[in-house]
Amino acid sequence: MDETKRNKQEALDKRYIRMASIWAENSYCQRRQVGALIVKDKMIISDGYNGTPSGFENVCEDENNLTKPYVLHAEANAITKIARSNNSSNGATMYVTASPCIECAKLIIQAGIKRVVYSEKYRLEDGIELLKRAGIEVIYMSIES
């Protein structure tokens, strides 16, 4: 990729990761709000944020402030939304505000997503390692940068 193309791609990546950050504000979760966008051919084809399944109360934490076991991650919400649409995530880029966990990494691989841009590192890196092992381009990008 030449320098001009690389700069254009980086500018797009920064814009979409900021948008994912704004989308995270839709989450009702108190401990952590995470947003995800799936982009293909410069179009947002899906979005998601962490939260409870449809029809459940919008409370993510229990009385001990622990995340309830049925809370969906932003990546899973964005990928399952694709499944209910006429879009395909094959070859797309996912922008997510937190590095994907191992479970979400498996979904990303199976969804055919080819690039993942994330803006917050998580203490466990097993999801990132699995994505790299699958040949998916993984990019860390601070929202501040």
Side-chain angles (χ1 to χ4, degrees), residues 1-61 67-145:
M1 190 183 299
D2 70 16
E3 191 67 29
T4 306
K5 261 189 172 176
R6 192 175 5 265
N7 289 342
K8 280 185 178 181
Q9 185 61 58
E10 188 175 321
L12 275 176
D13 287 347
K14 285 180 181 179
R15 196 170 306 131
Y16 284 125
I17 201 70
R18 285 195 316 264
M19 290 169 74
S21 176
I22 291 166
W23 198 245
E25 295 172 16
N26 288 315
S27 173
Y28 289 92
C29 297
Q30 302 295 311
R31 291 178 63 211
R32 168 181 254 177
Q33 294 179 312
V34 180
L37 297 176
I38 299 176
V39 176
K40 188 173 179 179
D41 302 324
K42 296 183 184 174
M43 289 190 319
I44 298 169
I45 60 170
S46 190
D47 55 59
Y49 50 86
N50 57 326
T52 56
S54 299
F56 283 66
E57 75 289 344
N58 287 323
V59 179
C60 298
E61 294 83 11
T67 301
K68 292 179 179 180
Y70 52 85
V71 168
L72 288 155
H73 289 187
E75 303 95 319
N77 266 326
I79 290 168
T80 55
K81 198 181 273 191
I82 285 275
R84 294 174 65 176
S85 75
N86 292 326
N87 286 317
S88 167
S89 54
N90 204 39
T93 297
M94 176 175 277
Y95 296 88
V96 60
T97 57
S99 62
C101 71
I102 190 96
E103 293 302 317
C104 288
K106 291 189 278 188
L107 293 174
I108 290 166
I109 293 164
Q110 290 301 95
I113 292 167
K114 293 298 175 210
R115 291 177 77 238
V116 174
V117 179
Y118 69 101
S119 61
E120 184 186 318
K121 294 181 179 177
Y122 187 60
R123 60 183 169 81
L124 299 175
E125 297 224 345
D126 51 355
I128 295 295
E129 294 308 314
L130 187 65
L131 292 172
K132 289 178 181 175
R133 187 172 158 204
I136 293 172
E137 182 182 359
V138 179
I139 300 162
Y140 168 75
M141 177 175 280
S142 171
I143 290 178
E144 287 78 45
S145 65

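Computed from a prediction, not measured in an experiment: that's the story for all the values here.
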Distance-minimising heavy-atom pair for [X] and [Y]:
{"X": "E57", "Y": "T52", "result": "O-OG1, 2.9 Å"}
{"X": "Y118", "Y": "I128", "result": "CE2-CD1, 3.5 Å"}
{"X": "Y16", "Y": "M43", "result": "OH-N, 4.3 Å"}
{"X": "I113", "Y": "R115", "result": "CG2-O, 3.3 Å"}
{"X": "Y70", "Y": "P53", "result": "O-CD, 3.4 Å"}
{"X": "V116", "Y": "P100", "result": "CG1-CG, 4.1 Å"}

Determine whether Y49 and T97 satisfy the following criterion, side chain to side chain contact (heavy atoms under 4.5 Å, CB included), listing intermediate values before the conclusion. CA-CA 10 Å; Y49 50 86; T97 57; over 6 Å; no
Could you tell me if the side chain of [Y] sits less than 4.5 Å from the side chain of [X], heavy atoms only?
{"X": "C101", "Y": "Y122", "answer": "no"}
{"X": "S46", "Y": "L37", "answer": "no"}
{"X": "V34", "Y": "S27", "answer": "no"}

Using 0.5 Å steps for rounding, measure from the [atom1] atom of [X] to the [atom2] atom of [Y].
{"X": "K8", "Y": "K42", "atom1": "NZ", "atom2": "NZ", "result": "6.5 Å"}
{"X": "I45", "Y": "M94", "atom1": "CD1", "atom2": "CE", "result": "9.5 Å"}
{"X": "K68", "Y": "C60", "atom1": "NZ", "atom2": "SG", "result": "8.0 Å"}
{"X": "S119", "Y": "I17", "atom1": "OG", "atom2": "CD1", "result": "4.0 Å"}
{"X": "H73", "Y": "L107", "atom1": "NE2", "atom2": "CG", "result": "10.5 Å"}
{"X": "L131", "Y": "I102", "atom1": "CG", "atom2": "CD1", "result": "8.5 Å"}

Step-by-step side chain to side chain contact (heavy atoms under 4.5 Å, CB included) determination, Y95 to R18: CA-CA 9 Å; Y95 296 88; R18 285 195 316 264; over 6 Å; no
Hey, is the main chain of [Y] close enough, under 3.5 Å, to the side chain of [X] for a donor-acceptor pair?
{"X": "E61", "Y": "R31", "value": "yes"}
{"X": "N7", "Y": "T4", "value": "no"}
{"X": "K40", "Y": "N90", "value": "yes"}

Taking I108 as the fixed residue, which of V96, I38, I79, L130 is the one that meets the side chain to side chain contact (heavy atoms under 4.5 Å, CB included) rule?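 Among V96, I38, I79, L130, the one meeting side chain to side chain contact (heavy atoms under 4.5 Å, CB included) with I108 is I79.
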Check against side chain to side chain contact (heavy atoms under 4.5 Å, CB included), C29 and V71: CA-CA 9 Å; C29 297; V71 168; 4.3 Å; yes
Look at atom CG of D2 and say whether more than 12 heavy atoms of other residues, nucleotides or ligands are closer to it than 6.0 Å.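 More than 12 within 6.0 Å, yes.
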Return each pair, listed once, that meets side-chain hydrogen bond (donor to acceptor under 3.5 Å, both in side chains) where at least one residue sits in residues 74-88; pairs must be two or more places apart or across chains.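 side-chain hydrogen bond (donor to acceptor under 3.5 Å, both in side chains) check on residues 74-88 returns D47-K81.
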Should R133 and E129 count as an ion pair when the cut-off is N to O under 4.0 Å?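 Between E129 and R133 there is no salt bridge, as every charged N stays at least 4.0 Å from the carboxylate O atoms.
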